[in-house]
Visitor: 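Attaching a single structure in structure tokens format; questions to follow.
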Amino acid sequence: MEEVRVRFPPSPTGYLHIGGARTALFNWLFAKKHNGKLILRIEDTDEERSTQASIDGIIDGLQWLGIDWDEGPYFQTEFAADHIAAANRLLASGHAYKCFCTKETLEQKREAALADKREFGYDGTCRHLTAKDVLQQEQQGIPSVIRFKVPVRPGVLSYDDQVLGCIERAYTDIEDFVIVRSNGKPLYLLCNVVDDIRDRITHVLRGQDHMSNTTRQVLLYEALQAKLPVFAHMPLTMDLQKRKISKRSHGEVVAVQFYREKGFIPWALCNFLCLLGWNPGTEQEFFTREELIEAFSLNRISRVNSVFNFKPGDPKFFTDPKLIAINEHYLRTMDLGELGDLVRTELEQANLWDPAYEDSKRNWYLATLNLIRDRFHTLKDFTAAGRAYFSDEYDIDPKPLAKNVTKYPELAIWLPQLAERFAALAEFNTEETERVSRELADELAVKPGVLINGMRTVLTGQLAGPSMFEIVTTLGRDKVVTRLRRIEHLLASA
RNA sequence: GUCCCCAUCGUCUAGUCUGGUCCAGGACACCGGCCUUUCACGCCGGCAACACCGGUUCAAAUCCGGUUGGGGACGCCA
């Protein structure tokens with residue numbers, strides 16, 4: 001059987017956004033599923049808008065997501081000779097012609113047609129120029145573009161889309177499109193096809209926004225006498241207002257980089273993205289890489305555009321809540337060693353990393369992550385809400401401070417008393433610490449919760465957290481005693 | 001304006017091809033309850049959808065037609 005070869009061809013005119021990442025992911029899954037190859041091809045023929053920073057950002061984003069490719073990155077501009085040769089072949093075979101209409105003229109015609117609410121495609125002015133006319137114009141030094149000559153045929157052009165089924169379009173609805181600029185540089189429509197033919201691409205999996213390109217490109221394949229790849233157009237990703245998401249109108253929330261900065265687990269993003277416009281046909285929602293590759297298939301891609309559900313300005317839903325939920329799931333269930341590596345990066349960035357976490361304190365490190373990860377949303381929480389586990393310098397959240405500490409001024413005496421009992425304990429474990437805590441509460445005739453919640457606030461700075469006596473034993477006697485003793489300073493400064 | 005695509009809970013979606021097992025299932029979100037030393041964990045429960053009209057049929061979310069709605073494309077961008 002023929003080898004499956006797919007490609008991801010981003011244009012380097014901005015960062016990698018989630019729509020592009022999803023396209024890359026689907027291609028990657030398809031390649032893996034069929035033991036095929038994924039080719040990364042940077043389509044940089046738009047010299048004015050392509051930037052090195054974009055190229056770096058895209059590659060960086062793909063690598064972070066774990067989407068690897070088998071060939072490339074190729075750069076489209078390196079194959080300019082192929083594109084020009086193809087254009088000349090089309091010219092020679094009568095599939096294309098030179099057009100001397102100026103941009104200005106065409107623009108005027110377009111505007112006039114638009115104003116009259118008429119069809120505004122190219123009117124074919126230069127299509128029937130004789131060889132003599134062409135020569136004459138060229139001798140006068142009039143610049144020209146090359147246009148593809150859409151065949152005059154009755155009926156419709158059709159291709160079989162793996163997602164949408166049979167797609168048809170009347171030949172008469174397709175205008176003669178430009179394939180080479182007047183400066184001699186070939187355009188996307190042509191370059192893309194020439195490259196796909198050269199790279200022996202068997203399946204073109206891209207967004208539905210390319211559908212009108214596809215009909216024209218089918219014509220190009222035919223004229224170049226190349227075998228048609230299989231096409232599959234996937235639904236687009238929209239915002240809540242059903243607008244196609246874009247960097248320009250949505251900003252960083254649609255950038256892959258944003259999720260990296262916000263502490264998302266790369267595979268969680270992949271898992272979320274693949275569920276946007278695809279489903280396995282079962283109720284499974286979480287997948288390992290192997291499971292997802294196994295489950296993936298083109299015919300389960302949805303035909304309907306999906307909404308990336310985020311509300312700008314809402315801090316709780318700064319991105320799609322389902323993405324947050326999936327991230328939380330992985331945070332809670334993933335292999336502790338792997339989580340340890342991810343959190344290490346966070347701690348290092350926050351200057352909280354202790355090399356001993358890799359050896360002598362390894363067990364403590366992993367046990368602590370396991371204890372606190374249950375209530376966290378992103379990797380950033382380990383250095384924010386979880387800071388007190390890794391540093392003695394942490395802030396007390398004002399909310400629990402008011403609710404659990406300043407509301408009971410006597411805690412300034414009680415907690416140091418508790419500290420002394422902890423210090424005197426023969427065994428510092430969950431049972432013993434709980435026992436003496438309840439004992440003291442009893443003697444003081446207060447509810448244990450007063451002591452316990454006050455303790456949580458002082459020890460961790462947080463309103464919520466794991467079971468108190470798990471926290472106490474995790475932090476260790478020294479830190480607990482020290483922190484409980486200094487409550488007076490805390491209250492004085494509060 | 002022209003062409004193309006699409007239409008199930010707030011969101012992601014199952015079910016549509018092969019009509020009956022669907023007074024429509026799951027997940028997220030939301031609401032309520034439970035657990036509890038807290039809670040952002042966990043458990044249990046609830047709310048919530050077949051765009052509309054017509055046709056075919058014993059039977060339609062499912063097939064057909066129309067309407068409406070949404071999206072995409074219409075560049076010497078990719």
Side-chain angles (χ1 to χ4, degrees), chain A residues 9-13 43-46 48-50 76 99 101-103 106-107 110 113-121 143-147 161 163-165 167-170 173-175 177-183 185 187-189 191-192 207-215 233 235-236 238 240 242-244 272 275-285 302-310 316-317 320-326 328 332 373-377 381 385 400 403-404 434 437-438 441 447-457 462-469:
Chain A
S11 67
T13 54
E43 307 220 319
D44 55 349
T45 52
D46 185 346
E48 298 188 357
R49 296 196 303 149
S50 296
Q76 195 158 54
C99 168
C101 297
T102 65
K103 251 183 192 173
L106 293 173
E107 192 56 37
R110 221 190 322 268
L114 199 58
D116 286 0
K117 304 198 168 187
R118 279 184 288 110
E119 179 55 46
F120 48 79
S144 63
V145 300
I146 298 176
R147 279 185 190 274
D161 186 290
V163 173
L164 268 6
I167 304 299
E168 300 182 332
R169 188 159 175 194
D173 284 330
I174 309 171
E175 63 175 309
F177 51 94
V178 177
I179 54 176
V180 179
R181 296 176 172 92
S182 55
N183 67 4
K185 306 261 187 197
L187 257 4
Y188 165 79
L189 241 20
C191 299
N192 188 248
Q208 285 181 13
D209 51 346
H210 280 282
M211 286 179 73
S212 65
N213 288 334
T214 301
T215 49
H233 291 99
L236 270 15
M238 326 292 276
L240 219 38
K242 297 271 170 66
R243 297 284 158 203
K244 188 176 151 186
F272 168 78
L275 256 17
L276 222 50
W278 175 87
N279 77 82
T282 65
E283 286 181 354
Q284 184 172 4
E285 301 213 84
S302 168
R303 295 177 302 282
V304 194
N305 291 162
S306 42
V307 171
F308 183 65
N309 185 16
F310 72 98
K316 192 171 178 191
F317 302 122
D320 194 310
K322 189 138 188 171
L323 170 54
I324 298 174
I326 290 175
E328 289 166 347
R332 270 154 222 167
R373 66 172 168 174
D374 270 357
R375 273 153 253 252
F376 287 172
H377 307 292
D381 289 328
K403 184 184 170 193
N404 297 331
E434 176 160 11
S437 298
R438 289 185 182 277
K447 284 188 285 187
V450 174
L451 241 37
I452 291 169
N453 293 332
M455 210 186 331
R456 174 178 293 104
T457 304
Q462 298 294 307
L463 178 65
S467 166
M468 193 58 236
F469 302 100

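Chain letters run A, B, ... following the sequence lines, proteins first, then strands; residues in each count from 1.
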Visitor: Between the protein and nucleotides 5-9 of chain B, which nitrogen or oxygen pairs come in under 3.5 angstrom?
Guide:
none

Visitor: For R49(A), what residues pass the salt bridge (charged side-chain N to carboxylate O under 4.0 Å, His left out) criterion, not counting sequence neighbours?
Guide: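 So R49(A) forms a salt bridge (charged side-chain N to carboxylate O under 4.0 Å, His left out) with D46(A).
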Visitor: Taking side chain to side chain contact (heavy atoms under 4.5 Å, CB included) as the test, write out the residues that go with S467(A), two or more places apart.
Guide: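 Scan of S467(A) (side chain to side chain contact (heavy atoms under 4.5 Å, CB included), adjacent residues dropped) gives E470(A).
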Visitor: With sequence neighbours excluded, tell me which residues meet salt bridge (charged side-chain N to carboxylate O under 4.0 Å, His left out) with R438(A).
Guide: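 Result, salt bridge (charged side-chain N to carboxylate O under 4.0 Å, His left out) vs R438(A): E434(A).
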Visitor: Could you work out, with side chain to side chain contact (heavy atoms under 4.5 Å, CB included) as the rule, every residue matching Q208(A), not counting sequence neighbours?
Guide: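 Expected list: L164(A), M211(A), H233(A), P235(A), L236(A), N305(A).
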Visitor: Kindly write out the residues that satisfy salt bridge (charged side-chain N to carboxylate O under 4.0 Å, His left out) with E168(A), not counting sequence neighbours, or none if the list is empty.
Guide: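 Scan of E168(A) (salt bridge (charged side-chain N to carboxylate O under 4.0 Å, His left out), adjacent residues dropped) gives none.
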Visitor: With sequence neighbours left out, write down each residue that passes side chain to side chain donor-acceptor pair (under 3.5 Å) with R147(A), or none if nothing qualifies.
Guide: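 R147(A) satisfies side chain to side chain donor-acceptor pair (under 3.5 Å) with no residue once adjacent residues are dropped.
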Visitor: Could you work out, with salt bridge (charged side-chain N to carboxylate O under 4.0 Å, His left out) as the rule, every residue matching R243(A), not counting sequence neighbours?
Guide: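 Not a single residue meets the salt bridge (charged side-chain N to carboxylate O under 4.0 Å, His left out) criterion with R243(A).
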Visitor: Does the protein touch nucleotides 45-50 of chain B at the base, only the backbone, or not at all? Give it as B, S and - per nucleotide, heavy atoms under 4.0 Å.
Guide: ------
Visitor: Treating primed atoms plus P, OP1 and OP2 as sugar-phosphate and everything else as base, which nucleotides of nucleotides 29-37 of chain B get B, S or - for protein heavy atoms under 4.0 Å?
Guide: SS------B
Visitor: Can you name the residues that form a ring-ring contact (aromatic ring centres under 6.0 Å, His included) with F272(A), not counting sequence neighbours?
Guide: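 For F272(A) the ring-ring contact (aromatic ring centres under 6.0 Å, His included) partners, ignoring immediate neighbours, are F308(A).
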Visitor: Could you pull out all residues at least two apart from K185(A) that satisfy side chain to side chain donor-acceptor pair (under 3.5 Å)?
Guide: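 Applying side chain to side chain donor-acceptor pair (under 3.5 Å) to K185(A) gives E47(A).
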